[in-house]
Engineer: 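Here it is, the structure in full.
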Amino acid sequence: MLRFILIFSLLIFQINFSFGQFQTVATEHYVLGVDVEGFEIDLPFSKEKTEESWKEYAKDFGKSEETQSHKTYQTTFKTDIYAEEILIFSQVRGNKQHSSIWVGIDPQGIPKDTYPKLQEEMEIFVYDFNIYMRRNQAQKKIDESEQAASYLSKEFESLKKDERRTLKNQERTNSRIASYEEKLMTLRKDSTQNAQKLETLSIEIDSLYLEIEEIKKVMESFRQKMDEIK
């Protein structure tokens with residue numbers, strides 16, 4: 001059980017909480033005939049997990065369409081900067097161990113002085129997704145550990161109850177053994193006394209037998225004398 005707890009503890013600490021080491025990288029993707037500037041970040045999670053988390057994180061973008069291995073959202077982003085709808089592209093790549101996500105804004109139709117501001121917000125948005133995902137994954141590990149701890153706690157209490165019950169049974173058994181030993185000692189004492197009595201009785205019986213034989217001899221002598229009287 002201790003090993004079980006240690007495994008879950010290690011799983012928690014495998015999630016790196018040092019957010020500073022995960023950095024966004026500015027890269028361009030060629031989408032719909034345009035070089036789109038975006039931001040990419042590596043994540044210590046499978047492609048499948050990253051896609052699931054991104055779907056939840058970017059749900060305000062609405063439904064997406066597939067465009068050249070990218071997801072395309074026609075949505076608004078930071079309406080206090082630019083209230084019109086824009087195109088946002090995203091792409092998740094990776095395998096079962098690691099992945100990366102890239103997100104970019106189609107520059108077409110966006111004023112030149114506004115686009116850099118949206119880009120700054122998008123970089124923050126991507127970086128915050130990295131934090132969002134790692135915190136969620138860490139919380140899952142914590143929840144799993146708490147469930148394991150709760151299970152082990154119940155197992156511990158169950159074992160303690162068994163221990164207490166077994167101890168009581170042992171005490172009762174020891175008490176019965178002590179009682180039987182006391183009775184056995186009494187029986188042995190009685191047996192010894194009875195044996196002594198038997199020995200004494202045997203001696204007395206032998207002595208009485210001899211006396212009876214003597215009496216028989218005397219009686220036989222008297223009979224003979226009576227037969228001689230005529």
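The structure presented is a predicted model; accordingly, all values stated were derived computationally and were not measured.
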Engineer: Do Phe129 and Val103 come within less than 4.5 Å of each other through their side chains, counting heavy atoms only?
Structural biologist: no

Engineer: Would a hydrophobic clustering, with Ile, Leu, Val, Met, Phe, Trp and Tyr connected at side-chain separations under 4.5 Å, put Leu87 with Val36?
Structural biologist: yes

Engineer: Does the side chain of Lys78 come within less than 4.5 Å of Leu118's, by heavy atoms?
Structural biologist: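 Yes, at least one pair of side-chain atoms sits under 4.5 Å.
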
Engineer: Please check if the side chain of Gln119 supplies one atom and the backbone of Glu37 the other of a donor-acceptor pair under 3.5 Å.
Structural biologist: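 Present.
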
Engineer: Is it the case that the side chains of Glu84 and Thr76 hold a donor-acceptor pair, with the cut-off being a distance below 3.5 Å and no angle test?
Structural biologist: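 Their side chains do not contain a donor-acceptor pair, so the 3.5 Å distance test is not met.
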
Engineer: Is there a donor-acceptor contact under 3.5 Å from the side chain of Ser158 to the main chain of Lys154?
Structural biologist: no

Engineer: Does Val92 share a hydrophobic cluster with Val31, counting links as ILVMFWY side-chain heavy atoms below 4.5 Å and allowing steps through other members?
Structural biologist: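 No, because Val92 and Val31 fall into different hydrophobic clusters, even though each may have its own neighbours under 4.5 Å.
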
Engineer: Is the distance from the ring center of Phe61 to that of Phe125 below 6.0 Å?
Structural biologist: yes

Engineer: For Asp60 and Thr75, run side chain to side chain contact (heavy atoms under 4.5 Å, CB included): C-alpha distance rounded to whole Å, both residues' side-chain angles, the deciding distance at 0.1 Å, then the answer.
Structural biologist: CA-CA 8 Å; Asp60 290 342; Thr75 183; over 6 Å; no

Engineer: Hey, are the side chains of Asp42 and His98 touching, using non-hydrogen atoms and a 4.5 Å cut-off?
Structural biologist: no

Engineer: I'd like to know whether Lys55 forms a side chain to side chain contact (heavy atoms under 4.5 Å, CB included) with Ser64, so could you lay out the CA-CA distance, the side-chain angles of the two residues, the decisive distance to 0.1 Å, and finally the verdict.
Structural biologist: CA-CA 10 Å; Lys55 184 177 180 180; Ser64 65; over 6 Å; no

Engineer: With a 6.0 Å cut-off (strictly less than), is the heavy-atom count around CD of Glu199, excluding the residue itself, greater than 12?
Structural biologist: no

Engineer: Are Phe39 and Tyr127 near enough that their ring centres are under 6.0 Å apart?
Structural biologist: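 Centroid separation for Phe39 and Tyr127: 6.0 Å or greater.
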
Engineer: Do Ser100 and Lys47 come close enough that some side-chain heavy atom pair is under 4.5 Å?
Structural biologist: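 No - every pair of side-chain heavy atoms lies 4.5 Å or more apart.
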
Engineer: Between the side chain of Ser99 and the main-chain N/O of Phe45, is any donor-acceptor distance below 3.5 Å?
Structural biologist: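 Yes, the answer is positive, given that a donor and an acceptor are paired below the 3.5 Å cut-off.
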
Engineer: Taking the side chain from Ser46 and the backbone from Lys49, do they hold a donor-acceptor pair closer than 3.5 Å?
Structural biologist: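 Yes.
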
Engineer: Between Pro107 and Lys112, is any pair of side-chain heavy atoms under 4.5 Å apart?
Structural biologist: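 They are not in contact (no side-chain heavy atoms under 4.5 Å apart), so the answer is no.
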
Engineer: Is a salt bridge present between Lys141 and Glu146, judged by a nitrogen-to-oxygen distance below 4.0 Å?
Structural biologist: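 Salt bridge flag = no for Glu146 with Lys141.
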
Engineer: Please tell me whether Gln139 and Asp143 have a donor and an acceptor in their side chains that are separated by less than 3.5 angstrom.
Structural biologist: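 Result is yes, a qualifying pair exists.
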
Engineer: Would a distance-only check, ignoring hydrogens and angles, find a side-chain to backbone donor-acceptor pair under 3.5 Å from Thr173 to Asn169?
Structural biologist: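 Side chain of Thr173 to backbone of Asn169: a pair is present.
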
Engineer: Salt bridge or not for Lys71 and Glu66, using N-O below 4.0 Å?
Structural biologist: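 A salt bridge is present here (some side-chain N lies under 4.0 Å from a carboxylate O).
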
Engineer: Could you tell me whether a side-chain N or O of Ser191 sits under 3.5 Å from a main-chain N or O of Leu187, the two making a donor and an acceptor?
Structural biologist: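 No, Ser191 side chain to Leu187 backbone: no donor-acceptor pair under 3.5 Å.
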
Engineer: What distance do Glu123 atom CD and Gln23 atom CD have between them, rounded to the nearest 0.5 Å?
Structural biologist: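 It is 8.5 Å, given to the nearest 0.5 Å.
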
Engineer: Give me the ring orientation class for Tyr57 and Tyr132: parallel if the planes are under 30° apart, tilted from 30 to 60°, perpendicular past 60°.
Structural biologist: tilted

Engineer: Could you check whether Lys160 pairs with Glu163 (Lys NZ or Arg NE/NH1/NH2 to Asp/Glu carboxylate O, under 4.0 Å)?
Structural biologist: yes

Engineer: Quick check on the hydrophobic clustering: are Trp54 and Ile41 connected, directly or via other members, by side-chain heavy-atom contacts under 4.5 Å?
Structural biologist: yes

Engineer: Report the C-alpha distance between Ile88 and Asp106 in whole Å, list the side-chain angles of each, state the deciding distance to 0.1 Å, and finish with yes or no for side chain to side chain contact (heavy atoms under 4.5 Å, CB included).
Structural biologist: CA-CA 6 Å; Ile88 295 177; Asp106 186 349; over 6 Å; no

Engineer: Evaluate the side-chain proximity of Arg93 to Glu40: yes if any heavy-atom separation is below 4.5 Å, no if none is.
Structural biologist: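 When only atoms from C-beta onward are counted, Arg93 and Glu40 do touch, with a gap below 4.5 Å.
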
Engineer: First locate atom CG of Asp128, then atom CD of Glu121, and finally report the distance between them rounded to the nearest 0.5 Å.
Structural biologist: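 Result: 9.5 Å between the selected atoms.
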
Engineer: Report yes or no: does Thr166 contribute a side-chain atom to a donor-acceptor pair with the main-chain N or O of Asp162 at less than 3.5 Å?
Structural biologist: yes

Engineer: What residue among Glu171, Arg164, Arg165 forms side chain to side chain contact (heavy atoms under 4.5 Å, CB included) with Leu167?
Structural biologist: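 Exactly one pass, corresponding to Glu171.
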
Engineer: Check whether any side-chain N or O of Thr192 sits under 3.5 Å from a backbone N or O of Arg188 as a donor-acceptor pair, and report yes or no.
Structural biologist: yes

Engineer: Could you grab the distance from atom CD of Glu181 to atom OG of Ser179, nearest 0.5 Å is fine?
Structural biologist: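 So the CD of Glu181 and the OG of Ser179 are separated by 9.5 Å.
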
Engineer: Look at atom CD of Glu85 and say whether more than 12 heavy atoms of other residues, nucleotides or ligands are closer to it than 6.0 Å.
Structural biologist: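 Buried by this count: over 12 neighbours within 6.0 Å.
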
Engineer: If we ignore hydrogens and angles and just use 3.5 Å, is the side chain of Trp102 paired with the main-chain N or O of His29 as donor and acceptor?
Structural biologist: no

Engineer: Between Val34 and Gln108, is a side chain to side chain contact (heavy atoms under 4.5 Å, CB included) present by the stated rule, with each step listed?
Structural biologist: CA-CA 9 Å; Val34 179; Gln108 296 183 91; 3.3 Å; yes

Engineer: Would you say Gln193 has more than 12 foreign heavy atoms packed within less than 6.0 Å of its CD?
Structural biologist: yes

